[in-house]
Structure formats: structure tokens, C-alpha cells
Amino acid sequence: MNQPTLPIIAVDGPAASGKGTLARRLATHFDFAYLDTGKLYRAVGLKVVRTGGDPEDEEAAEAAARALDTTELDDPALSGDDAASAASKVAAIDGVRQALLEFQRSFAAMPPEGKKGAVLDGRDIGTVICPEATAKLFVTADVEVRADRRHKELLNRGETSIYPRVLEELKARDARDTNRASAPLKPAADATVLDTSALDVEQAFAEALKIVGGKVQEALDVLAEDSGDPELF
């Protein structure tokens, strides 16, 4: 008997677009497992450093990536400079990238804790990681709006932030992401673009739910029929 296909919601978009907030809200709403894929390379890099290894050591980095556990993604230290520095080094290693590709696909196909679906957010989710996703969102916003959000987020965390600098950093990152040779950042052909520039969190969530809700419910209904238990979901 074939393993039933569980619903997957892919949430892509540029930095500070609000995709992470939306993805978490959708996961809570549907009681799906949630994966912030942006933390993966940080977690691998930090794992190597904490065991006394060198993040540029291909063998050590790949071993750390293949041993990665979802519980390690909750570590507050992942937002620190050490994790960021190590992440940039392990991300250049092909074996690490392949291991994390498998990690993400496995998470989507077999969500932890017996969840009935998964929500993944990051970059390349709908195009590379889960091209077969049930529903795909590409969340974006004007770069000035995103810079203002990031600026306020940093200030609220007690960090130093200068708006013009944040704006320039986001513009530079957008340019790198959209112009890179391998898997440039762009909406999947079958993704729905959601512009959150003029939306608050609640409005953005309502729009996202309108976009993905029908597809997800249809997939859950199919699962219930396949299971022979209409009350399962």
C-alpha cells in the first residue's frame, strides 16, 4: 500500500516580507508541522562549532547536516553572529546542501509528531524543495516596507539599527537572490503572489487563508477518504 501524500504548504519570498509569520500562523491554523528552512544552515554551522570542529571541514559539516534534528532549530543561539558566520561557511559545501535538501523533503513527506501536513517557509520551497506542494504562496512587499519592518524588529530586540543601512542591505540581498545562477528567487509558476505591503498581520493571514484553504481542505478530504475514516480530520 502506497504512503498517502500529505498536504504541503510552500511559503516563499524575499527577506522581511512576512512569510515566516504567515507560515507559522498557517501551521497553527491547520495543526501542521512547521519548518523555518532559513535556520537549517545556521543549525548545522553551530552544531559543528559546538563540537570543536571547523565549519569549512566538508566531512564534519556534512556529518552534522545528516545528524540534524528538528529540536535543534529552537535554539535561541541560532540568531547570533556565531551561527550566522558558521552558516555562510557550511552553505558552500555541496554535501551539506544535499543533506539539507533531503532533510526538508523528508520533513514535508513525513512531518514530525504525526502531524497531518507540513508548512515550509524560506527560499526555493515551491520551486526546488517541494515542487509538488499542495499550495504555494510567494509572499512579498515593497522593499521600503520590508526595510521598515526589519528596522523595527531589530530595535524591538534591543539591537542597534539604522533604517537607511537596513534598506541598502535588503536591496543588495534582493539583487543577489534574484540574479544568482542557481535557483534564483522567483515565484513558482503555480504559486500565488501575496503582496503584504499594505496589509497588517491579521489581514495578510486572512488573504493567505483564502488562497490556500480550499486546496488544503481538498487534500485533507482525500486523505480521509483514503483512510476510510471520514472523521479522521
Side-chain angles (χ1 to χ4, degrees), residues 2-40 70 73 100-101 103-142 145-146 149 153 174 177-178 183-227 229-233:
N2 293 331
Q3 179 76 17
T5 301
L6 302 181
I8 300 168
I9 302 175
V11 184
D12 286 295
S17 60
K19 64 182 183 296
T21 300
L22 276 181
R24 286 188 291 271
R25 287 285 299 272
L26 288 169
T28 299
H29 177 82
F30 291 109
D31 193 25
F32 285 1
Y34 167 67
L35 180 62
D36 176 356
T37 65
K39 290 182 176 180
L40 295 177
T70 53
L73 302 178
L100 293 183
L101 174 64
F103 180 96
Q104 292 169 84
R105 288 178 173 170
S106 176
F107 182 98
M110 295 175 289
E113 301 178 6
K115 297 291 187 179
K116 58 191 177 185
V119 182
L120 284 75
D121 93 72
R123 288 170 175 74
D124 312 327
I125 307 302
T127 53
V128 177
I129 308 301
C130 297
E132 78 294 347
T134 309
K136 300 179 184 179
L137 273 177
F138 188 90
V139 184
T140 189
D142 295 338
V145 173
R146 292 189 282 121
R149 290 172 180 170
E153 177 188 357
D174 286 352
D177 287 345
T178 56
L185 177 66
K186 63 179 181 180
D190 54 348
T192 299
V193 176
L194 175 59
D195 190 325
T196 66
S197 299
L199 304 177
D200 63 23
V201 173
E202 293 301 326
Q203 291 169 329
F205 174 65
E207 289 300 314
L209 202 54
K210 288 179 186 177
I211 294 167
V212 308
K215 294 178 181 179
V216 171
Q217 189 56 55
E218 183 179 347
L220 291 174
D221 290 343
V222 170
L223 275 179
E225 291 174 5
D226 289 347
S227 72
D229 182 1
E231 300 299 324
L232 182 59
F233 301 111

Got a second to check how far Phe30's CZ is from Leu209's CG, nearest 0.5 Å? 5.0 Å

Decide if atom CD of Glu218 counts as having more than 12 heavy atoms of other residues, nucleotides or ligands within a radius under 6.0 Å. no

Can you tell if the side chain of Thr134 reaches within under 4.5 Å of the side chain of Ile9, non-hydrogen atoms only? no

Where Leu223 and Lys116 come nearest, the two heavy atoms and their spacing: CD1-O, 4.2 Å

With the side chain counted from C-beta on, respond yes when Phe205 and Leu22 share a heavy-atom pair under 4.5 Å apart, and no when they do not. yes

Salt bridge (charged side-chain N to carboxylate O under 4.0 Å, His left out) partner of Arg123, the single match among Asp12, Asp174, Asp177: Asp177

Value rounded to 0.5 Å, distance of CD in Glu207 from CG in Leu137: 10.5 Å

So how far is it from Asp121 CG to Arg24 CZ, rounded to the nearest 0.5 Å? 7.0 Å

Report yes or no: does Arg146 contribute a side-chain atom to a donor-acceptor pair with the main-chain N or O of Ala16 at less than 3.5 Å? no

Partners meeting side chain to side chain donor-acceptor pair (under 3.5 Å) with Ser17 (sequence neighbours left out): none

Would the distance check show the side chain of Asp124 and the main-chain N or O of Thr127 forming a donor-acceptor pair, the cut-off being under 3.5 Å? no

With side chains defined as the heavy atoms from C-beta onward, is the minimum distance between Ile125 and Thr37 less than 4.5 Å? yes

Mind checking whether Phe32 and Leu120 have side chains closer than 4.5 Å, heavy atoms only? no

Taking atom types as modelled and ignoring hydrogens, do the side chains of Arg149 and Thr21 form a donor-acceptor contact shorter than 3.5 angstrom? no

Just by distance, do the side chain of Thr140 and the backbone of Asp195 share a donor-acceptor pair under 3.5 Å? no

NZ/NE/NH1/NH2 to OD/OE distance under 4.0 Å, Glu202 and Arg25: yes

Using the salt bridge (charged side-chain N to carboxylate O under 4.0 Å, His left out) rule, collect all pairs that involve residues 29-40, keeping only residues at least two apart or in two chains. Asp31-Lys115

Is the shortest heavy-atom distance from the side chain of Val212 to the side chain of Lys215 under 4.5 Å? no

Tell me if a side-chain donor or acceptor on Lys136 pairs with a main-chain N or O of Gly126 at a distance below 3.5 Å. yes

